[in-house]
Number of protein chains: 2
Amino acid sequence: MTRRPSAPVTLTEVARRAGVSVATASKALNARPDVAPQTRTRVLAVAEELSFQPNALARGLLSGSSRTVGLLTDELAGRFAIPVLLGVENALGDGEMSVLLCDARGDAVRRRQHIRTLLARQVDGLIVLGDRNDVRASLAGDIPVPVVYAYGQSDDPGDLSVVADDVGGARLAAEHLLALGRRRIAHITGEEGYRAARDRAAGLLAVLDAAGLPLAGGRPSYGAWSQRWGRQATRMLLAADPGVDALFCGSDQIAYGAIDALHDLGRRVPDDVAVIGYDNWEIFATESRPPLSTVDLDLERLGATAARHLIAALEGERRTGVVRHPGRLVVRDSTAPG
Amino acid sequence: MTRRPSAPVTLTEVARRAGVSVATASKALNARPDVAPQTRTRVLAVAEELSFQPNALARGLLSGSSRTVGLLTDELAGRFAIPVLLGVENALGDGEMSVLLCDARGDAVRRRQHIRTLLARQVDGLIVLGDRNDVRASLAGDIPVPVVYAYGQSDDPGDLSVVADDVGGARLAAEHLLALGRRRIAHITGEEGYRAARDRAAGLLAVLDAAGLPLAGGRPSYGAWSQRWGRQATRMLLAADPGVDALFCGSDQIAYGAIDALHDLGRRVPDDVAVIGYDNWEIFATESRPPLSTVDLDLERLGATAARHLIAALEGERRTGVVRHPGRLVVRDSTAPG
DNA sequence: TTGTATGCGTTATCAT
DNA sequence: ATGATAACGCATACAA
């Protein structure tokens with residue numbers, strides 16, 4: 001090993017050691033046709049020995065493409081950003097792309113600053129990760145690279161947004177409850193200000209309507225995305241309508257609280273009341289008693305989809321509108337047939 | 001607005017419009033001394049109008065520094081990586097640094113691959129984010145840039161690691177319980193294979209020893225990091241030793257389960273049994289009944305500390321060893337005095 | 001004070 | 001088949 005650790009190993013160095021010009025070395029390494037097999041092997045050997053890695057900055061400067069995308073999040077601390085981000089990172093990594101992460105923390109000024117930085121770094125594209133399912137303002141100012149909105153939908157139909165299909169997911173849950181023979185289904189969910197809450201309620205109501213059934217309790221119990229609200233709403237609901245035989249909760253967290261309350265009230269789950277949640281958040285869904293049936297948003301796949309659309313856009317396939325990503329029903333004991 | 005959106009705005013373009021050479025334009029923008037005030041204002045005005053941003057690739061190529069650090073995570077999906085990552089991102093953002101995110105997903109091959117990519121991209125430094133508190137193997141191979149290990153500790157004392165002080169955090173919790181007059185304190189925690197579990201137990205035992213008190217139940221109840229284990233262990237513990245007056249749980253998740261079990265057993269919290277958790281994980285700590293006293297790891301600050309150490313290293317201040325980051329006691333109703 | 005020239009590491013073009 | 005050279009965008013040493 002004659003490698004001196006302090007000297008950065010460049011193509012020039014490889015060429016020198018292989019006894020060829022940089023041009024030839026470059027061709028050899030990039031599998032260009034016009035280079036003698038013997039020369040090629042020699043260059044490759046030297047490159048391998050020095051563990052040569054071409055300088056991505058130089059490459060990017062020349063090609064105009066940095067093979068980097070910016071991932072701009074509103075609020076990374078939230079629960080939904082991470083799986084999406086994971087899916088994005090994974091899908092892009094396969095395409096030899098790297099991810100520059102920027103968290104705006106809900107601050108518009110910081111967001112603009114981040115966008116400037118990302119563009120200065122010559123990102124090839126941008127993925128904007130919403131912290132909520134809601135429609136959000138499109139990025140102001142003309143961004144010279146493709147942008148894909150993930151999880152949160154852009155208000156500009158000229159943009160491409162990849163979002164979760166909450167209406168469809170709720171339909172899955174509702175149809176599951178109906179299939180179990182439940183007929184007096186109530187809905188406890190989070191803040192009405194969230195599109196996620198409204199969409200899920202809409203999906204449930206659509207299925208109930210089609211079946212000619214009313215919603216138990218009259219209207220959805222909108223509240224907070226917390227166990228506390230799940231407990232409280234359940235008590236109120238069962239006091240008002242003791243005949244409820246199923247609860248569709250807007251999140252697993254709420255459902256966890258609901259199950260606790262049912263337990264306190266002496267109702268058996270699922271025998272007396274079936275409970276289904278939403279999100280497939282493991283720490284709630286698998287740890288409740290009994291474990292929770294729920295709808296998995298498949299956020300990681302959603303992120304991968306967004307990444308793939310961005311890559312397609314980079315290759316010229318511009319696409320606009322909203323791509324809705326279906327959820328997946330996960331059945332556990334809280335809706336076991338019986 | 002005479003800006004054509006398709007033409008990338010370069011320094012050459014700015015210089016041309018300002019009627020000066022690129023050299024002068026560069027000096028004007030970089031606040032070099034020898035440039036006429038009048039010329040400077042003119043250049044600045046043009047740059048502003050075109051919203052010129054210097055190409056970071058070119059700059060990096062020239063300076064040898066990309067002002068980018070690689071953030072290498074083992075497992076982003078876990079609960080602890082995110083806050084640390086957030087702190088890192090924030091602290092680096094203030095220093096005009098960007099973060100290249102790579103998740104190895106616990107795969108050594110993928111990790112090496114990511115390191116190669118990051119080095120090819122000329123990152124100035126690396127932050128290695130552990131998914132557990134445990135000691136982990138130092139990055140193999142000589143990395144030509146500074147590396148800081150965060151959350152997970154490197155096994156090489158020549159590396160710099162920034163980790164949470166679990167022993168100290170546990171001491172805080174234990175001393176709090178003692179100060180409330182509790183004397184029969186039991187410990188329910190996660191898998192013994194986790195250093196976090198062992199360290200927290202050690203901190204508690206140290207405090208009890210110093211006070212001449214035994215651990216209720218004889219030894220820590222090691223199990224799983226779940227509500228389920230919290231419930232089960234609590235039932236077992238109270239059956240064996242009904243006189244327990246305080247539970248120190250190794251995580252909020254466990255504590256949440258413990259409180260549920262105490263509730264089922266008819267024990268009042270905190271009157272009969274005080275409960276304290278660990279992590280300050282909001283969804284458990286604030287949603288349990290009653291809300292949970294706990295120890296906050298302050299992971300975001302830990303991440304910021306790691307970032308600052310990396311920046312210091314980039315400026316030449318090499319430092320090695322282990323920096324232990326203190327936790328913070330958060331008192332809520334589950335240990336209210338009374 | 002301003003402009004010209006050079007170089008960072010790489011790839012592409014054009015001679016040889 | 002190989003090599004010299006230009007170019008990417010910027011910053012700087014040096015010349016004017």
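Reminder, nothing fancy here: chain letters follow the sequence lines and each chain counts from 1. Keep in mind that what you see is a predicted model, and the values were worked out from it rather than measured.
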Does the protein touch nucleotides 4-16 of chain C at the base, only the backbone, or not at all? Give it as B, S and - per nucleotide, heavy atoms under 4.0 Å. B--BBBBBB----
Can you name the residues that form a salt bridge (charged side-chain N to carboxylate O under 4.0 Å, His left out) with [X], not counting sequence neighbours?
| X | value |
| --- | --- |
| A/Arg111 | A/Asp74 |
| B/Arg132 | B/Asp134 |
| A/Arg301 | A/Asp298 |
| A/Glu300 | B/Arg105 |

Mind checking A/Thr39 for me? I need base, sugar-phosphate or nothing, with any heavy atom below 4.0 Å counting as a touch.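 If one applies the 4.0 Å heavy-atom cut-off, A/Thr39 turns out to touch the sugar-phosphate alone, with no base involved.
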Per the end-axis method with five pairs at each terminus, what is the bend angle of the helix from C/dT1-D/dA16 to C/dT16-D/dA1, to 10°?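 The end axes of the helix from C/dT1-D/dA16 to C/dT16-D/dA1 are about 60° apart, to the nearest 10°.
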Give the table of side-chain donor-acceptor pairs shorter than 3.5 Å for residues 27-37 of chain B, with sequence neighbours excluded, one pair per line with atom names and distance.
unit_1	atom_1	unit_2	atom_2	d
B/Asn30	ND2	B/Ser26	O	2.9
B/Asn30	ND2	B/Ser26	OG	3.3

For residues 35-47 of chain A, which residue pairs qualify under side-chain hydrogen bond (donor to acceptor under 3.5 Å, both in side chains), counting only residues two or more places apart or in two chains?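 Pairs touching residues 35-47 of chain A that pass the test: none.
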Just grab all the side-chain hydrogen bond (donor to acceptor under 3.5 Å, both in side chains) pairs involving residues 308-320 of chain B, residues at least two apart or on different chains.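 Qualifying pairs, neighbours excluded: none.
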Going 5' to 3' on DNA chain D, which nucleotide is the first and which the last to come under 4.0 Å of a heavy atom in chain A?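 Boundary nucleotides touching chain A, in 5' to 3' order, are D/dA1 to D/dG9.
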Set of residues satisfying side chain to side chain donor-acceptor pair (under 3.5 Å) with respect to A/His325, sequence neighbours excluded: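 Once residues adjacent in sequence are excluded, the partners of A/His325 under the side chain to side chain donor-acceptor pair (under 3.5 Å) criterion are A/Thr305.
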For A/Ala23, which residues count as a side-chain contact (heavy atoms from CB on, under 4.5 Å) partner, sequence neighbours excluded?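 Partners of A/Ala23 under the side-chain contact (heavy atoms from CB on, under 4.5 Å) test: A/Ser21.
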For B/Ser154, is there any backbone N or O sitting under 3.5 Å from a side-chain donor or acceptor partner on B/Ser161?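 Between the backbone of B/Ser154 and the side chain of B/Ser161 there is a qualifying donor-acceptor contact (under 3.5 Å).
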